[in-house]
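Order of the sequence lines sets the chain letters (A, B, ...), proteins ahead of strands, with each chain counted from 1. The basis for the numbers below is simple: all heavy atoms, side chains too, and nothing from hydrogens, waters or symmetry mates.
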There are 2 protein chains.
Amino acid sequence: MTTSAPSSSLDFALDRTSPVPLYYQLAQQLESAIEHGALAPGSLLGNEIELAGRLGLSRPTVRQAIQSLVDKGLLVRRRGVGTQVVHSQVKRPLELSSLYDDLEAAGQSPATRVLRNEVQPASAEVAAALGIAEGSDVIVLERLRLTHGQPMAFLCNFLPAGLLQLDTAKLEATGLYRMMRSAGITLHSARQSIGARCATVDEAERLEETEGAALLTMQRTAYDSTGRIVEYGTHIYRASRYAFEFQLLVRS
Amino acid sequence: MTTSAPSSSLDFALDRTSPVPLYYQLAQQLESAIEHGALAPGSLLGNEIELAGRLGLSRPTVRQAIQSLVDKGLLVRRRGVGTQVVHSQVKRPLELSSLYDDLEAAGQSPATRVLRNEVQPASAEVAAALGIAEGSDVIVLERLRLTHGQPMAFLCNFLPAGLLQLDTAKLEATGLYRMMRSAGITLHSARQSIGARCATVDEAERLEETEGAALLTMQRTAYDSTGRIVEYGTHIYRASRYAFEFQLLVRS
DNA sequence: GGATGCATATTGTCCGGACAAATCGCCTGA
DNA sequence: TCAGGCGATTTGTCCGGACAATATGCATCC
């Protein structure tokens, strides 16, 4: 009773004249069918060879589409059995959140207040974190993130100078990561550490909390696609108003 | 100066009689060459077609090997340029840790004390989290994790009864996830939420902390490969002794 | 009735080739 | 000297096929 009958034939519309790859078109339509409920959880997808024939594609192309959804955690393949939709309560794996803080705050009327935005020589600690020489110019950024008009987090970031032009007004409007992407910096990976501690007097005042209140701390080092360090940050969140949520995928 | 000359020819030994796939053999040897330093960061890998010819493999096979390392974040491919080793300070991406708590505690003389291990009817909250009917039998597990002889975390877990036989002695020796894997349960994904709060009197006593000390809280729902919920847990960590560290990979 | 073995279905691996798209360097021309 | 175009290089996409490995269900045999 866990596996349903092989799914009925869904019609996927593929556009061979489009510049977007066929396997990607198929993957997107499969994903939307799953999210939409047209493909029920636990249902079999029908074998690849037949599916390929029906869509006028080759098996490798169909496999590439399916594989991308397997990597996303939406499908599971079992040899000798077939490919079935994962029977998950949580729709939309949400992927890796908490990298784009902005996204989580979406729908919560978020706002950012830039408290500091200047170039300074790097301290020993910052230089080590960024992998540059001590005393090199770095952009120092201090921001206060607000939701519903109340402080939620205090963000302190350091970037190698010359990497980017950071206009304060634009920063408050669009966010740091969006500006980096616009500048041609493609983020690749980030190393994070999440901890907690009690608020000091200064921190409490800045975040409108009481002294000793629980705070979430996060340190992050971000790398671009070539492995260069492009950002180092220390963030402090009010635990009463914020939590990190994310999904882990276990590689088989 | 960022890209070195095309890497010299490394000799990879492929065993066609082995049951382990060729692309996997190649991927492993490439990875070890990278970790080992034989392939310097930033160096080009040489084009796929030539590499395939030199190894006596087809291009799809070589591509499959390379792609797996790209997914791991060790390599970067650029059309018209080539494939190069990512120039990363952090060797070993560490992948997704914090799922196997045990692994992090490794080398810290970890120990586990099982405080509770019994079957009980599920409360409304637990039933909802596990996606089962209220009142169904669930295994209730309470454990204290110690390092260096001091408490580090208090772990409370719930599992659907009948899924697994949990021997207390073995649990203290090997850990929950290892026992689940031994029982044929293959973990697939998990949804986590990390927050913080101040310790209550009871919590402080249990963890040998002072009242009001900062605690890290973690809630997790784990799914097996078919999407079934196999575990729900609420964990509390002493912030003074623990932090979550992990690496995020941004999907392009 | 139960265990063993076989046929079938399905994905996993691998091959060889073809053309398109993007990037970079070089050459030409103004 | 600088701008633009051209070609070479390399990865991206896609095809068609072949055989192997694994899981399932059925028939047979004890």
Using atom types as modelled, flag every donor-acceptor pair under 3.5 Å from a side chain in residues 127-134 of chain A to any protein atom, sequence neighbours excluded.
none

Review point. Among residues 18-26 of chain A, which contact DNA chain D at a heavy-atom distance under 4.0 Å?
Key: A:Pro21, A:Leu22, A:Tyr23
Revision key, fill the gap. Bounded by its outermost nucleotides with an atom under 4.0 Å from a heavy atom of chain A, the footprint on DNA chain C reads C:dA9 to C:dT13
Point to revise | Atom-to-atom span, CG of B:Leu45 to P of D:dT9 - whole angstrom | key: 19 Å
Review point. Contact class for B:Leu57 (heavy atom, under 4.0 Å): base, sugar-phosphate, or nothing?
Key: sugar-phosphate
Review point. Can you find a donor-acceptor pair, distance only, under 3.5 Å between B:Arg59 side chain and D:dG12 base?
Key: yes
Practice item. To the nearest Å, give me how far apart CG (B:Leu44) and C1' (D:dT10) are. Key: 10 Å
Point to revise | Any B:Thr83 side-chain nitrogen or oxygen under 4.0 Å from OP1 or OP2 of D:dT10 | key: no
Practice item. Mark yes when over 12 heavy atoms from residues, nucleotides or ligands other than A:Glu118 sit less than 6.0 Å from its CD; otherwise mark no. Key: yes
Practice item. Return the minimal non-hydrogen interatomic distance between A:Gln25 and A:Leu14, and the atom names on each side. Key: OE1-CA, 3.5 Å
Exercise for review: For B:Leu39 and B:Ser43, work out which heavy atoms get closest and say how close.
Suggested key: C-OG, 4.1 Å
Review point. Whole Å only: how far is the CZ atom of A:Arg79 from the P atom of D:dA21?
Key: 8 Å
Point to revise | Taking every non-hydrogen atom, the tightest pair across A:Tyr177 and A:Glu231 | key: OH-OE1, 2.7 Å
Exercise for review: Identify, between A:Arg16 and B:Glu48, the residue whose nearest nucleotide on DNA chain D lies closer to the 5' end.
Suggested key: B:Glu48
Review point. Do A:Arg143 and A:Glu172 sit within salt-bridge range, that is, some charged N less than 4.0 Å from a carboxylate O?
Key: no
Exercise for review: Can you tell me the distance, in whole Å, between the CZ atom of A:Arg77 and the C1' atom of D:dA21?
Suggested key: 15 Å
Practice item. Given salt bridge (charged side-chain N to carboxylate O under 4.0 Å, His left out), test A:Glu48 with A:Arg77 step by step and report yes or no. Key: CA-CA 11 Å; A:Glu48 301 167 347; A:Arg77 343 171 66 146; 2.3 Å; yes
Revision key, fill the gap. Of all heavy-atom pairs linking A:Asp167 and A:Met179, the shortest is N-CE, 3.9 Å
Review point. A:Tyr223 and A:Val230: which non-hydrogen atoms are nearest, and at how many Å?
Key: C-CG2, 4.2 Å
